[in-house]
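Values below: all heavy atoms of this structure, side chains included; hydrogens, waters and symmetry mates excluded.
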Amino acid sequence: MRLAGLIQTHLITENQVLYEPLRQRGLTGSIPNFAFLAEEIQLARTAYSQHIGAWNRRAISENWNGYVQSTRKLLGTIEKLVRLEEGFLFPVAQRLFTAARQDQVTSNALS
């Protein structure tokens with residue numbers, strides 16, 4: 001169950017550091033296919049929540065093979081999401097945040 005806590009902490013941090021700032025700064029519209037990515041993220045979070053809800057200690061002990069199959073499916077979903085984020089979203093977000101920061105520095109210098 002420690003892993004579940006680590007994953008939850010990661011998701012909260014990722015939302016605070018990445019997704020909320022993108023939305024607050026109005027940058028999501030500058031990211032091609034952001035709506036698709038946001039939908040994939042929501043699907044992955046839902047799959048994770050369903051997995052955690054379904055597989056308590058008793059359920060795992062009663063159906064180990066089902067748990068393994070469910071976990072493999074969940075890992076596939078998470079791997080797909082990580083590939084999308086690392087290969088597509090993170091580089092674009094970094095460029096957008098860097099450009100926004102540069103604009104702020106320039107604006108402050110001209111004030």
Value rounded to 0.5 Å, distance of CG in L27 from CZ in F34: 10.0 Å
Main-chain N/O of T9 paired with T13 side-chain donor or acceptor, under 3.5 Å: yes
In one Ile/Leu/Val/Met/Phe/Trp/Tyr side-chain cluster, 4.5 Å: Y19, L43: no
Q69 side chain near N65 side chain, heavy-atom distance below 4.5 Å: no
Interatomic spacing from NZ in K80 to CD1 in I78 - rounded to 0.5 Å: 13.0 Å
I31 side chain near L37 side chain, heavy-atom distance below 4.5 Å: no
Inter-residue atom distance L75.CG - H51.NE2, 0.5 Å rounding: 8.0 Å
Closest contact, heavy atoms only, I60 versus W55: CD1-O, 3.6 Å
Over all atoms of both residues, closest heavy-atom pair of A59 and A54: CB-O, 3.5 Å
CG-CD1 distance between N15 and I41, expressed to the nearest 0.5 angstrom: 9.0 Å
Least distance between heavy atoms, A44 atom then L81 atom: CB-CD2, 3.7 Å
Reference residue S30; test side chain to side chain contact (heavy atoms under 4.5 Å, CB included); the match among L96, L22, V92: L96
Side-chain heavy-atom pair V82, F90 within 4.5 angstrom cut-off: no
